[in-house]
Structure formats: C-alpha cells, structure tokens
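These notes concern the structure reproduced below.
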Amino acid sequence: MTKPLNIQFKALNAKTEDAITLFAGDKLALGKIAKDYDQRSQKALTKSAKAVGFTGKSRSFAHILAPANLPVNQVLLLGGAPKKDVTSADWTKLGGFLANNVASKNATAMSVIFDFARGEASVDDIADFALGAYLRIYKFDKYQKPNGAAKNENGGSKLARLTIHCANPAAATRAYKVRKAVGEGVHIARDLVNEPANILSPVEFASRVKALKSSGLSIEILGEKELKKLKMHSLLSVSQGSKQPARIAVMKWMGGKSKKDAPICFVGKGVTFDTGGISIKPSAGMGDMKGDMGGAACVTGLMATLAKRKAKVNAIGIVGLVENMPGADATRPGDVVTSMSGQTIEILNTDAEGRLVLADAVWYAQEKYKPKMIIDLATLTGAVIIALGKEFAGLFSNDDKLAKQIKQAGIDTDEKTWRLPLSPRFDKMINSTTADMKNIGGREAGSSTAAQFIKRFVKDGTPWVHLDIAGTAMGSPKTDINESWGSGFGVRLLDKLVADHYEK
Ligand code: BES
Ligand code: MN
Ligand code: ZN
C-alpha cells in the first residue's frame, strides 16, 4: 500500500517546502502572502494565471514552474476561499483535489498556505481539507512491483508529506488528530474491500480484526464450535459449501460515560466471496464479489475510528464472516434451516445469502448486547444499484428520527443515503409455504423484500437502520477523495452520526 500521507501544521511564516500551494479567490483575489510572492517574482503568479485562464474558481488551479526570485521550485495557485456556503465536505473535496494534482506534479512534499484575500478558514475547515488530502493519497498497490508497468500506468503518487501553514497550527493539529482517526478507519475499510478473496478468508478477516486490539478495541472471535452452540444455522448454511470456516468477529468500544449505558450495535455482512453458491452467479463481473464484505469492512473501519479518536460512546461492531461457495456440502435450493431466533427459513436461492448471515448476526447482537439501536450495513442486493446507482446507499428503517439523523450525516459527509420503503405488503412476499419465511421475494422490490427479511429478526421496539451499500462500497467512481475500487463508504457517515448525536 502507498504509505499514508504525513500531514503537519506550521505557522504561516515558517519555512516552506520546495513546492507551495497558495489560494486564490474569485477574480484571482490573492491574500497578503500570495501577493507578496507575486510581487517578488515579478508577477509570475498572476501572469501565469492569466495565461492559462485561471480565475480562482474553486477546484481549478494554475501551475507555475521555477518562478524567478522565489525560494521554491513550483507554485500551485489553487482556487478556493472561505465563504458562507462552503461546507465541511467542500473543504474535504478541495483537499483531495489538491493532493491529486500535486501527485501528478512530481512533488514529494508540499506546503499549503492558508491565507486568503477575504475571510479566514476555521481550524475545522483546515482539518477537513487535510482529511481530504489524506483520503486521496491511497492506493491499493501491494501486489504491484514498485517500478512495474502497471504501477506507472496508474501514475503512482510521490506525495509523501503535506505541510499546512496556518494562523493557529497547534489548534489545527488537535482538530486534525480526530480527522486522522477517521481517515485511518476509511483506509482500513478500503484495504479490506480491495483485498482479494484468496487472501481475505473469514479467518484472515478475523485476524485483521484482532490486530485492531492495539487501537484500544476489545475483540472476541466466535469460531464454528461457538456458532453451532449458539444455533446460528442460518449463517452457517452460507459457508457450509466452502472449505473456509465461518467466523463472527466482535469489536467493543466502551467509551461512554457509563459502561452500563446500552450500546449502539453496528452489524456488517462479511461474505468474503459470493459465488452465489449452488444458485451460481454468471461469470461476468463475478470478480467483484470479493467486495461482498463491504458492510463488515465498514463496521471494522468505523470501530477502529471510534477507538482511535476515543469517542465518548458505547459501541459494538459485529461482523458475520463467511464464504459462499458451491460444493458437495453446499445448501441446496429448497433446504430449510432454523435460525438462532428459532424462526425457520426456506432457502430458495443460495445467492440471497447476505440476509441469512445478517439474520443470525442481528439476532445475536440483540440477545447478547441489548443495544439501544442497531445499524446494519450490507452489500445486499443488485436491485439497489438499479434503483439508486453509485451515489446513494439504500436506507431502510423502523425509526423516523434515526433515519433522518443518518440522512443528514450523509449530506454533511457526502456519503449520501436515500430512504426506501418497508411495508407489510413486502413482508407478505417472503412468506413461505414450507417454513416461516423464504429468502427471496420475487423480482419486484428486491431491496425492500431483502430489508423486510432482516426486519423479521429485529425485536419490536429496537430502533434499526439497514443500509444497502451494494452500489456505494465497491466499484466506486473516482472522486476527489477516492480513486480506489473500494470506497470505505459508511465510515465517515456513521462516525458523523455518532459524533453529532450519540456522544456525551
Ligand atoms: N452480494 C450480492 C448483491 C450484490 C450484487 C452486491 C452486485 C454488489 C453488486 C447478493 O448476495 C446477491 O447475490 N443478491 C441477489 C439477491 C437475489 C438472489 C434475490 C441479487 O441482488 O441478485
Ligand atoms: Mn449473493
Ligand atoms: Zn452477497
């Protein structure tokens, strides 16, 4: 993996790196420091800007090489300025935009000078900007030779250090410490999603979870023996055709005021590879199913973040880890299993396996931890990609207040969700003639019938949200803050939810 970007904060007048970024506002408005650089270089900055038609528009830049009389070898004039309508997410995107463009300019170290013609960026703005840069400098390149053709084609970034010069570097350092915990959590989630399934088996996933003990989490791993004892036959039915044994990994962070306060439970689908089982998937695109543990990856990254930033919350992360393979022992369509809850399930399609995992993991969460609410994340249905594409995760909930809080956190972090319906009508579609329910509901409303299935394992009175992240967790379009296949979707969203509403 590309080494994470090292970010530090210094005073405005501290010595800079050889490459610097200066901000320009609308109509090329320059702050005092930028003006001074411009003067000293005989207007090299403003002349270059005019020559390339750069006017200070946000997310655009002018690149000035070897300006005369300046102690630097390159200057990036970056469009952007503090304004009322510039949000936290905008600063994050701008930081990512800069990091991406520096990366293509051969610089290994860059100074960014937070000085503007008008207004001032707050310490939070600066920290958000830094987070964007941190997130953008991520590549899953561990299987590529350092100087190999493939790597060069990807334009491996050389940017290793970002120095941010600002009015209050001590306060910015403090604010960034929290953001960095978030950035690290996102990188953990991306690493897990990007990792191929021959390496990332359920057992390997569990051991990566164990390694997070060093971040302050308490970890518990349930092996096959324990899962059988708990009667998780729904979850176990998914992995019975695979040589890889199932695991549940539990991550605990009890940072709340009292250890007795009911925790929030985050539950993730962790199908390390989904062939579909006996209801096997077509070949085209099947490789993407290495990312079918995107929900579990998010829960893992989120729990790491909460621990790293010592969030004042009690939270439990539970990930159900299985591999869905065809094999002599695999589940046959038509088989009936008894879930941990006692409800029976007729498995008519072995490719609708995520809900079988969640059924037991969600039930276990309630039995064991009596949570104040449950949020599950899963790359659950192809149908949600058809409905919402790659910009929005599907949100299902039995609790309007919680649904609204998550929607807002999504707007604030730009990890957007869109609420889709649950309904007794959809519930009816999963009634079985043989068992208490069947695991498919037909072609119509595929994401809603899947959510409805999970709801049957949520006890009355427990606020619950299900996020279908099939479209947002993997196969991600390139953005200012991510160029990798796995996005780490959900870590920033749920960290924000916790920070805004559930920390005392
Ligand atoms: N993991 C898939 C859903 C998925 C599809 C995620 C594409 C990401 C990209 C899930 O296990 C699945 O196979 N769902 C089926 C359900 C159907 C059999 C009812 C689907 O969506 O086709
Ligand atoms: Mn499937
Ligand atoms: Zn799946």
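Counting starts at 1 for both ligands and their atoms, in listed order.
Closest to atom 20 (C) of ligand 1 among all protein heavy atoms lies Gly382 N, 3.9 Å. The shortest contact between atom 2 (C) of ligand 1 and any protein heavy atom is with Asp274 OD2, 3.6 Å. Looking only at heavy atoms of the protein, atom 9 (C) of ligand 1 is closest to Met289 CE, 3.5 Å. What sits closest to atom 17 (C) of ligand 1 on the protein, heavy atoms only, is Ala352 CB, 4.4 Å. Counting only heavy atoms of the protein, atom 12 (C) of ligand 1 lies nearest to Asp351 O, 3.2 Å. Protein heavy atom nearest atom 19 (C) of ligand 1, with residue, atom name and distance: Ile440 CG2, 3.5 Å.
Within ligand 1, the atoms closer than 4.0 Å to a non-hydrogen atom of Thr379 are 1 (N), 2 (C), 3 (C), 6 (C), numbered from 1 in the order shown. In the vicinity of Glu353, heavy-atom distances shorter than 4.0 Å reach the ligand 1 atoms 11 (O). Residue-ligand proximity, Ala470 to ligand 1, at heavy-atom distances under 4.0 Å covers atoms 6 (C), 8 (C). In summary, the atoms of ligand 1 found under 4.0 Å from a heavy atom of Lys269, numbered by their order in the structure, are 1 (N), 10 (C), 11 (O). Less than 4.0 angstrom separates some heavy atom of Thr381 from each of these atoms of ligand 1: 3 (C), 21 (O).
A salt bridge does not link Arg456 to Asp436: none of the charged side-chain nitrogens sits closer than 4.0 Å to a carboxylate oxygen. Using a cutoff of 4.0 Å between basic side-chain nitrogens and carboxylate oxygens, Arg309 and Glu184 are not scored as salt-bridged. Ion pairing between a basic and an acidic side chain is recognised when a charged N comes within 4.0 Å of a carboxylate O; Glu353 and Lys269 show such pairing. Glu195 and Lys290 are not joined by a salt bridge, as no carboxylate oxygen comes within less than 4.0 angstrom of a charged side-chain nitrogen. Salt-bridge check for Arg136 with Asp480: failed, with every basic side-chain N at 4.0 Å or more from each acidic carboxylate O. Salt-bridge annotation for Asp400 and Arg419: present, with a side-chain N of the basic residue lying under 4.0 Å from a carboxylate O of the acidic one.
Considering Leu493, Ile406, Val498, Val267 in turn, Ile406 is the only one that fulfils the side-chain contact (heavy atoms from CB on, under 4.5 Å) rule with Ile375.
Relative to the six-membered ring of Trp253, Lys310 misses at least one condition, a distance below 6.0 Å or an angle of at most 45° to the axis. Relative to the six-membered ring of Trp363, Lys368 misses at least one condition, a distance below 6.0 Å or an angle of at most 45° to the axis.
Neither the backbone nor the side chain of Met286 comes within 4.0 Å of ligand 1, counting heavy atoms alone.
Ranked by closest heavy atom to atom 10 (C) of ligand 1, the top entry among Thr350, Ile385, Leu380, Asp288 is Leu380.
Scanning both residues, Asn398 and Val458, for their nearest heavy atoms gives ND2-CG1, 4.2 Å. Heavy-atom minimum distance, Ala470 versus Val384: CB-CG1, 3.8 Å. Listed here is the closest heavy atom pair of Lys370 and Ala262: O-CB, 3.6 Å. Closest heavy-atom contact between Phe453 and Met437: CE1-SD, 3.5 Å.
Annotation: Met474 places no N or O atom under 3.5 Å from an N or O atom of ligand 1; distance criterion only. In terms of N/O distances under 3.5 Å, ligand 1 is not approached by Arg355. Ligand 1 has an N or O atom lying under 3.5 Å from an N or O atom of Lys281, backbone or side chain. For a threshold of 3.5 Å applied to N or O pairs, the pair formed by Asn349 and ligand 1 contains no separation below that value.
Between the side chains of Asn349 and Ser279, at least one donor-acceptor pair of N or O atoms lies under 3.5 Å.
Around the Zn ion (ligand 3), the protein contributes the following N, O or S atoms at distances under 2.8 Å: Lys269 NZ, Asp274 OD2, Asp292 OD2, Glu353 OE2.
The angle subtended at the Mn ion (ligand 2) by OE1 of Glu353 and O of Asp351 is 70°, given to the nearest 10°.
Between Tyr138 and Tyr134, a ring centre-to-centre spacing not shorter than 6.0 Å is recorded.
When the Mn ion (ligand 2) is compared with the N/O/S atoms of Asp274, atom OD2 turns out nearest.
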Carefully, step by step, assess Glu224 and Arg247 under the rule side chain to side chain contact (heavy atoms under 4.5 Å, CB included). CA-CA 7 Å; Glu224 293 244 333; Arg247 292 287 184 270; 4.1 Å; yes

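For atom 22 (O) of ligand 1, the nearest protein heavy atom lies 4.0 Å or farther away.
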